[in-house]
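Contents: one structure, followed by commentary.
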Amino acid sequence: MIRTAAILFRKDLLVEVRTLQSLTAMVLFSVMAFVLFHFGLDRDTISGSLAAGVLWVTLLLATVLAVTRLFVAEREQGGFETLLLAPIDRTAVFVGKAASLFTFLVAVEIVALPAFDILLLQGTILDGMPQLLAVVLLADVGLAAVGALVAALGAETDARELVVPLLLMPLLVPVVIAAAKASAPLLSEPAASAHLGRWLLMLTFYDLAFVLVSLGVFDYLLED
Amino acid sequence: MVFGNGLRALALVTAAALALAMGLIFFYAPLEADQGFVQKIFYLHVPLAIVALCGWVAGGIFGIQLLRTGDRKWDYRSYVAIHMSLIYGVAVLLTGSIWAKASWGHWWVWGEPTLVSFLIVFLLYCTYQPMRFSIADPEKQGRYAAVFAITAGAFVPLNFMAVRLATPLVHPRVFTRVAGDLPGSMRLTWLVSLVAIALLFVTLCKLELTSKSAKDNLRRLRRRLEARDEAAAERAFVGAN
């Protein structure tokens, strides 16, 4: 199962590295969103809960972009039938897709976090960096698990461009709550880490719950 | 599939229970000292919310049953439970807003975790029907809807936990506080109201299930009739030539 998932994951990465479709779109979207927030909020620098909100809403919407594209290559170029004909566990498909989504998110954040720092924080992000990294990585696991599940749910619908964002956003509200609450003190002027443990625990719990739910139900998606 | 058995008796019991609950609410339960008459919406709002949430979780459990057995009747049940809970959800948000306006002075209070969680869960379930009906194949539709119902059912408690952690409490926690907070007459009224509203939910679900299965049967019969007419017309055409 792990081997199959790894093969699928490598295939997705290869496709992405050669086309750079999702990653470019996500990075451009994030930077554009920061610019829009600058004008929308009419602020040169932001901090605290405002900064956390801007960061997490942007990352959430960038995730929506990636999730709507997650099964596009399979569907448009006929890989779907091959994938379903292959004698492999459906769970491997889920693990592979979630792993690719996770990798995309990390790759986007490698560009988006420094861009956020330069554009809206003026170089203060490093103060709380180790803790912020923990928050980001834990949140990414949740985003990736739920994202892969919703992508598969939406893959068979006629109106997936509409259904996927609508399904995904309410499901990810707890991630945004926990991640924004955890990073707000880390992004404020003297970086502090109040209640960090509680929010990290919350994120871990969410990740665990949705990875388990997804593993349990994914077998019933993408059949025939 | 027959869902209509005992519908009439159930409807009568529900009507009696609702009448009893209304009687208790308006003539038996004492006026609350602090909020006065407005507090009576509590006997509607809280049971509606509890029943709606239970209906959603039940929709998830029926979804599990559908995936395990493959029997279409669980799909019907899951769909109807979620659909009815959505209708209840609208009533919950309306009564909650009215109560919030009357007792806290605002139509919407972000500091109130239960209200906010309910809104998020409501918004999530609002996408159930758009998702379901954009899948053409009926068998696949049921399966995908069941996966949604299970995921969302697991999401309900998680979401309540996350929102509660994030906000300080405003809502009265009437049953968790030390005993004696809610007088016996109020508690009795509330319990009767809960039972009546739960019965109303079950009756409405049964009614919708009956109407859905009747509609399906009608469609099947009509299709068979059309096929027969066509065959007859063809025979007539061949005979004429």
Side-chain angles (χ1 to χ4, degrees), chain A residues 49 90 94 142 145-146 148-150 152-182 184 195 197-224, chain B residues 56 60-61 63-70 74-75 78 89 110 113 116-168:
Chain A
S49 58
R90 296 281 170 272
F94 168 73
V146 176
L149 178 66
V150 169
L153 256 177
E156 290 291 327
T157 62
D158 302 329
R160 64 188 75 83
E161 297 82 1
L162 299 177
V163 167
V164 165
L166 281 180
L167 273 179
L168 196 58
M169 283 193 284
L171 278 174
L172 291 178
V173 167
V175 177
V176 172
I177 291 174
K181 285 272 180 186
H195 303 301
R198 174 158 67 150
W199 298 115
L200 288 183
L201 199 70
M202 174 76 222
L203 280 174
T204 316
F205 192 68
Y206 180 94
D207 294 353
L208 210 64
F210 272 100
V211 167
L212 288 179
V213 168
S214 311
L215 288 176
V217 295
F218 205 81
D219 264 353
Y220 298 98
L221 298 175
L222 308 178
E223 268 179 32
D224 49 64
Chain B
W56 279 322
I61 294 168
I64 294 177
Q65 289 291 343
L66 171 73
L67 294 185
R68 279 180 50 188
T69 62
W74 292 113
D75 183 34
S78 177
W110 280 111
V116 175
S117 311
F118 197 90
L119 177 69
I120 297 165
V121 169
F122 177 78
L123 287 175
L124 175 64
Y125 277 99
C126 280
T127 61
Y128 176 73
Q129 276 155 325
M131 191 218 89
R132 191 187 164 104
F133 294 122
S134 62
I135 298 174
D137 176 37
E139 195 270 335
K140 198 177 268 178
Q141 195 184 78
R143 201 147 33 78
Y144 277 62
V147 168
F148 175 94
I150 295 166
T151 313
F155 174 79
V156 169
L158 251 176
N159 175 60
F160 268 79
M161 205 175 69
V163 176
R164 169 130 337 150
L165 275 177
T167 31

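Lettering of chains follows the sequences in order, A, B, ..., and the numbering in each one begins at 1. Values reported hereafter were calculated over all heavy atoms of this structure, with side chains retained and with hydrogens, waters and symmetry mates removed.
- Most heavy-atom pairs under 4.5 Å with chain A: of the set B:Arg132, B:Gln141, B:Met161, this distinction falls to B:Met161.
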Exercise answer: donor-acceptor pairs, residues 144-151 of chain B side-chain atoms, under 3.5 Å, sequence neighbours excluded:
| residue | atom | partner | partner atom | Å |
| --- | --- | --- | --- | --- |
| B:Tyr144 | OH | A:Leu222 | N | 2.9 |
| B:Thr151 | OG1 | B:Val147 | O | 2.7 |

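- In plain terms, the two heavy atoms of B:Ser134 and A:Ala159 that are nearest each other are CB-N, 4.0 Å.
- Under the ring-ring contact (aromatic ring centres under 6.0 Å, His included) criterion, B:Phe118 pairs with B:Trp56, not counting sequence neighbours.
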Kindly determine whether B:Lys140 and A:Thr157 satisfy side chain to side chain contact (heavy atoms under 4.5 Å, CB included), including the steps that lead there. CA-CA 10 Å; B:Lys140 198 177 268 178; A:Thr157 62; over 6 Å; no
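- Interface remark: A:Ala152 contributes backbone atoms only to the contact with chain B (heavy atom separation under 4.5 Å).
- Interface remark: A:Val163 contributes side-chain atoms only to the contact with chain B (heavy atom separation under 4.5 Å).
- If you measure heavy-atom distances from A:Leu149 to chain B, the contacts under 4.5 Å come from the side chain alone.
- Atoms CG and CE, on B:Leu158 and A:Met202 in that order, are 5.5 Å from each other to the nearest 0.5 Å.
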Run the side-chain donor-acceptor check on residues 204-212 of chain A: report pairs under 3.5 Å with partners two or more places apart or on a different chain.
| residue | atom | partner | partner atom | Å |
| --- | --- | --- | --- | --- |
| A:Thr204 | OG1 | A:Leu200 | O | 2.6 |
| A:Tyr206 | OH | A:Leu171 | O | 2.6 |
| A:Asp207 | OD1 | A:Gly142 | N | 3.1 |

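- B:Leu124 contributes atom CG, which lies 10.0 Å from atom CG of A:Leu166 (distance to the nearest 0.5 angstrom).
- Of residues 172-179 of chain A, those residues lying under 4.5 Å from chain B by any heavy-atom pair are A:Val173, A:Pro174, A:Ile177.
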